[in-house]
Q: 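Can you keep this structure in mind? I'll have questions shortly.
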Amino acid sequence: MDVFGSFSLLLAFVCAVYAFVGGIAAIKTRHPLLIKSTRQAGMAACVLIFLATISLEYLFFSDNFSMAYVVSHSNRDLSTFYKIAALWSGQEGSLLFWSTLLSIYILSVLIAYRNKNGELMPYVGVVLAGVQIFFLTLNNFVENPFKTLATVGASGLLEPFTRMDGNGLNPLLQYPEMVIHPPNLYSGYTGFTIPFAFALAALLARYPGEKWIHLTRKWTMIAWCFQSIGIMLGAHWAYAVLGWGGYWGWDPVENASLLPWLTGTAFLHSVMMQEKRGMMKVWNVWLVFCTFLLCILGTFLTRSGVVSSVHAFANSQIGPWFVGFILLTLAVCFTAYFKNRDYLKSENQLDSMVSRESSFLFNNLLFLVACIAVLSGTLFPVFSEWFTNNRISVGAPFFNKIMVPIGLAILFLTGVGPLLAWRKTSADSMKRNFGWPLIAGLIAAVLFFIAGYHEPASLLCFFLCFFVFWTVVLEFYRGAKVISARTGMDMMMSAHELAMRNTRRYGGYIVHFGMVLVFIGIAGVPFNKDVQKTMNIGDSMKLGPYTLSLQSADTKVEKNYTAQRMIVEVLEGKDQKQIMMLYPEKRQFQGNEQAAGTMVAIYSTLRQDLYVVYAGMDPDTNMPVIHAFLNPLVKWIWLGGVWVVMGTLLALMPNRRTTLVLAGAPEPAAAPAAAPALTPSATLREGHD
Amino acid sequence: MRLSNAVIPSEARDVLFVRRRTKRTASLAVLLAFAIGSLWTTQLAAQSERAKQVGMHIKCMCKGCDMTAGGCAHPGGAFSGPCDSAKAELRQIDDLLAQGKSEQQIIDAFVAQYGTIAYVEPPKHGFGLVAWIMPFFYFLLGLALVVFIVRKWAMRPAAASSAAPPSHNEVLDRARAQAARETED
């Protein structure tokens with residue numbers, strides 16, 4: 001099976017090269033048969049990559065310990081569930097997995113557009129094949145996952161040999177979320193290849209800017225959705241498994257996932273400028289180019305180890321390949337842009353600084369500055385080592401200081417932007433749109449202050465969150481009221497109808513609402529408390545309103561690990577009301593004696609999380625150590641993530657029917673309250689905003 | 001393995017709580033000594049909490065966790081932190097605090113000992129200043145660019161309609177017609 005997998009990969013490489021070279025020839029000659037054959041070669045490359053991936057999974061499931069990659073990342077007792085995840089737990093498998101997910105996208109595009117966009121698709125096929133060739137080069141010639149174990153035999157020649165068992169999967173990865181987090185994140189990374197390919201293809205084919213945006217709208221949203229889910233799952237995994245009480249540590253790998261998400265989010269906003277007003281065409285093309293390059297850079301940072309040390313770059317086999325690919329891609333993008341930039345001219349004008357257009361510009365500015373801040377902070381240790389020979393570490397406190405004001409400014413624009421009119425917003429309109437949200441924000445800030453949240457940045461965040469929340473509510477309310485007045489439906493049904501008529505716009509508002517919930521959760525961070533205590537059975541400790549009592553401890557023997565489990569009773573309040581039992585664990589996995597896994601026990605409420613870690617036995621006293629955290633508002637982050645995904649899914653749905661254009665329509669006499677419908681924010685417009 | 005009181009040394013006591021021993025026969029001197037001891041312990045506990053706070057600004061030097069000395073949870077380790085390295089650093093911070101050193105002096109002492117790798121955030125001087133300035137520099141640069149672009153757009157001749165922007169460029173017209181011919185949605 002290893003030979004089959006290896007051969008499939010090699011054949012996929014050949015097919016991708018043919019799709020690339022033949023595709024260029026097809027563009028030049030426009031020969032229909034050549035176009036068809038290169039498209040089919042692209043499809044064949046995708047299928048062959050699937051076969052290679054299935055082969056590797058088969059080797060995991062069949063416990064083939066003659067394979068170096070299987071030995072390093074699996075063992076006989078590893079459950080089936082985690083044998084799937086073992087595929088992407090190491091360098092070689094991760095890169096193969098990248099190729100696989102990219103293939104799914106490429107195959108979908110090639111099939112979906114096989115009879116459409118005849119002139120554009122050969123360009124798209126060439127760009128996609130180019131990206132595929134790069135990853136297949138790594139898969140075949142640099143980090144091949146199908147290497148077999150060998151030893152020097154009696155004859156002095158290398159002979160294959162098989163180990164009895166493998167080293168097992170990294171304990172930190174043996175958690176259900178780790179089976180779904182990387183596929184989501186990688187689907188985000190790879191998904192941005194599609195808008196990149198269409199943008200570059202449209203530029204090479206000299207199409208005006210709007211065409212590629214129209215074609216790739218949904219692909220971009222799908223990639224963004226996967227990236228968002230991946231980031232959220234990664235944060236939840238860090239929270240539930242690593243046992244440090246937090247969910248985001250500004251680790252280089254976390255930052256790498258955030259970078260394309262930030263530029264991708266900027267793109268999803270600025271693309272509306274192009275669609276509605278024919279502006280920012282150059283900017284959008286470069287945003288997509290940058291997002292794709294940041295996906296590649298993120299993969300490079302994650303896999304090369306360059307951030308842990310600049311010297312890792314020299315030692316890393318893949319480092320120079322990635323740098324070469326990034327430089328080559330940049331060169332192609334610059335060449336295509338300078339050659340065909342005349343086709344990306346903006347066509348409209350702007351009347352005022354206080355307008356939807358300028359809010360999009362500021363939105364993009366903030367997302368880009370956030371991206372640069374995260375990127376420069378992540379790479380700063382490398383830069384400092386290059387320039388001064390002294391490596392200066394950059395940790396969470398730096399990122400928190402820089403990113404909090406940027407995040408709050410973005411949150412502010414989340415509320416303001418959608419309520420500004422295109423071209424120019426009048427003072428009256430601003431008063432009407434922002435009055436209630438401002439009052440709601442102020443009331444919320446006062447209530448949170450009374451509740452004991454006295455940190456200024458958090459209070460500002462609460463104020464902005466409720467401000468944005470009310471702007472979203474008012475948008476739904478005003479729109480629903482118009483529909484209700486016209487159709488007689490109740491407000492809930494009207495709101496539903498409204499959302500279904502313009503899914504993209506109202507899906508976007510739901511995403512904004514989700515982000516508000518995420519920000520509420522983040523605003524709780526300054527109020528985290530923790531206590532760590534060496535406890536005897538029967539001992540207790542207090543944390544906030546809770547009393548934790550260590551009742552007993554036991555040992556759980558499972559197939560692949562042995563867990564030492566603490567049984568902790570949680571009591572609440574002065575009357576010591578029993579709430580629940582928590583069971584934090586420490587797991588020791590077979591084949592990985594050096595590393596241990598932590599299973600945190602969490603009692604989660606909307607107000608706060610009681611987060612209990614069994615840290616292990618105190619080396620000095622040989623007694624169990626319990627580390628308990630009280631983390632306010634964390635649950636809101638996960639709820640926010642769910643809303644973000646739901647909003648994106650809504651935005652991906654087709655509009656139920658042609659959107660009514662009510663602007664200027666006579667108001668029904670029976671519904672004078674529908675007057676706000678004539679304001680720019682509440683008017684149901686054609687298309688998307 | 002089942003943990004029970006039997007396997008845990010009964011004489012071991014939590015470091016945060018000192019159980020008072022009350023014996024009727026205790027002399028005044030012993031009580032006095034105990035009181036002084038309690039005071040010292042309380043001071044030490046407070047100092048350790050302060051050490052943890054200062055330790056939040058100094059990196060754990062174990063090279064295995066990439067966390068701070070004060071917040072080391074050492075993920076993946078047999079003991080979820082602080083690891084031995086972080087403990088040693090916290091003890092060292094305690095000593096330096098006892099000597100009356102300020103937070104910045106302690107950070108400087110660690111940087112002198114371990115190099116700039118001990119920083120958790122770049123120093124606001126020398127090359128470290130670049131890290132702090134860069135985001136603000138790009139923000140100001142971007143802001144200037146946005147203002148410039150908005151003004152440039154505002155100076156353009158007004159378009160007839162925003163919903164259906166007219167093209168003013170033959171090249172674009174031709175390209176748009178070509179794109180419409182060659183693609184379908």
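A note on names: the letters A, B, ... follow the listed sequences, proteins ahead of strands, and every chain is numbered from 1.
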Q: Under the criterion side-chain contact (heavy atoms from CB on, under 4.5 Å), I'd like the reasoning laid out for Ser393(A) against Glu121(B): C-alpha separation, chi angles, the key distance, then a yes or no.
A: CA-CA 6 Å; Ser393(A) 301; Glu121(B) 55 183 39; over 6 Å; no
Q: Which bit of Phe387(A) comes within less than 4.5 Å of chain B, counting heavy atoms only: side chain, backbone, both or neither?
A: side chain
Q: Starting at CG of Asp530(A), measure out to NZ of Lys52(B) and round the result to the nearest 0.5 Å.
A: 4.0 Å
Q: Does anything in residues 127-137 of chain B reach chain A? List residues with heavy atoms under 4.5 Å apart, or say none.
A: Phe127(B), Gly128(B), Val130(B), Ala131(B), Trp132(B), Met134(B), Pro135(B), Phe136(B)
Q: With a 4.5 Å cut-off on side-chain heavy atoms, are Ile372(A) and Phe139(B) touching?
A: no
Q: Which residues in residues 105-117 of chain B have any heavy atom closer than 4.5 Å to a heavy atom of chain A?
A: Thr116(B), Ile117(B)
Q: With chain A, which of Pro122(B), Ala118(B), Cys72(B), Gly71(B) has the greatest number of heavy-atom pairs at distances under 4.5 Å?
A: Pro122(B)
Q: Among all residues two or more places apart in sequence or in another chain, which pass the ring pair (Phe, Tyr, Trp, His ring centres under 6.0 Å) test with Tyr611(A)?
A: Tyr239(A), Phe629(A)
Q: Against chain B, label Leu242(A) side chain, backbone, both or neither, depending on which of its atoms sit under 4.5 Å from a heavy atom there.
A: both
Q: Is Ile406(A) close to chain B through its backbone or its side chain, or both, or neither, when contacts mean heavy atoms under 4.5 Å?
A: neither
Q: Counting only non-hydrogen atoms closer than 4.5 Å, does Thr598(A) touch chain B with its backbone (N, CA, C, O), its side chain (CB onward), both, or neither?
A: side chain
Q: Please identify each residue that fulfils side chain to side chain donor-acceptor pair (under 3.5 Å) with Trp283(A), with sequence neighbours left out.
A: Asn364(A)
Q: Any chance you could lay out the side-chain contact (heavy atoms from CB on, under 4.5 Å) test for Phe362(A) and Leu143(B), step after step, and finish with the verdict?
A: CA-CA 8 Å; Phe362(A) 284 109; Leu143(B) 195 65; 3.4 Å; yes
Q: Flag the pair Gln532(A) / Pro82(B) as yes when at least one side-chain heavy-atom distance between them is below 4.5 Å, and no otherwise.
A: yes
Q: Any side-chain heavy atom of Phe79(B) sitting closer than 4.5 Å to one from Val625(A)?
A: yes
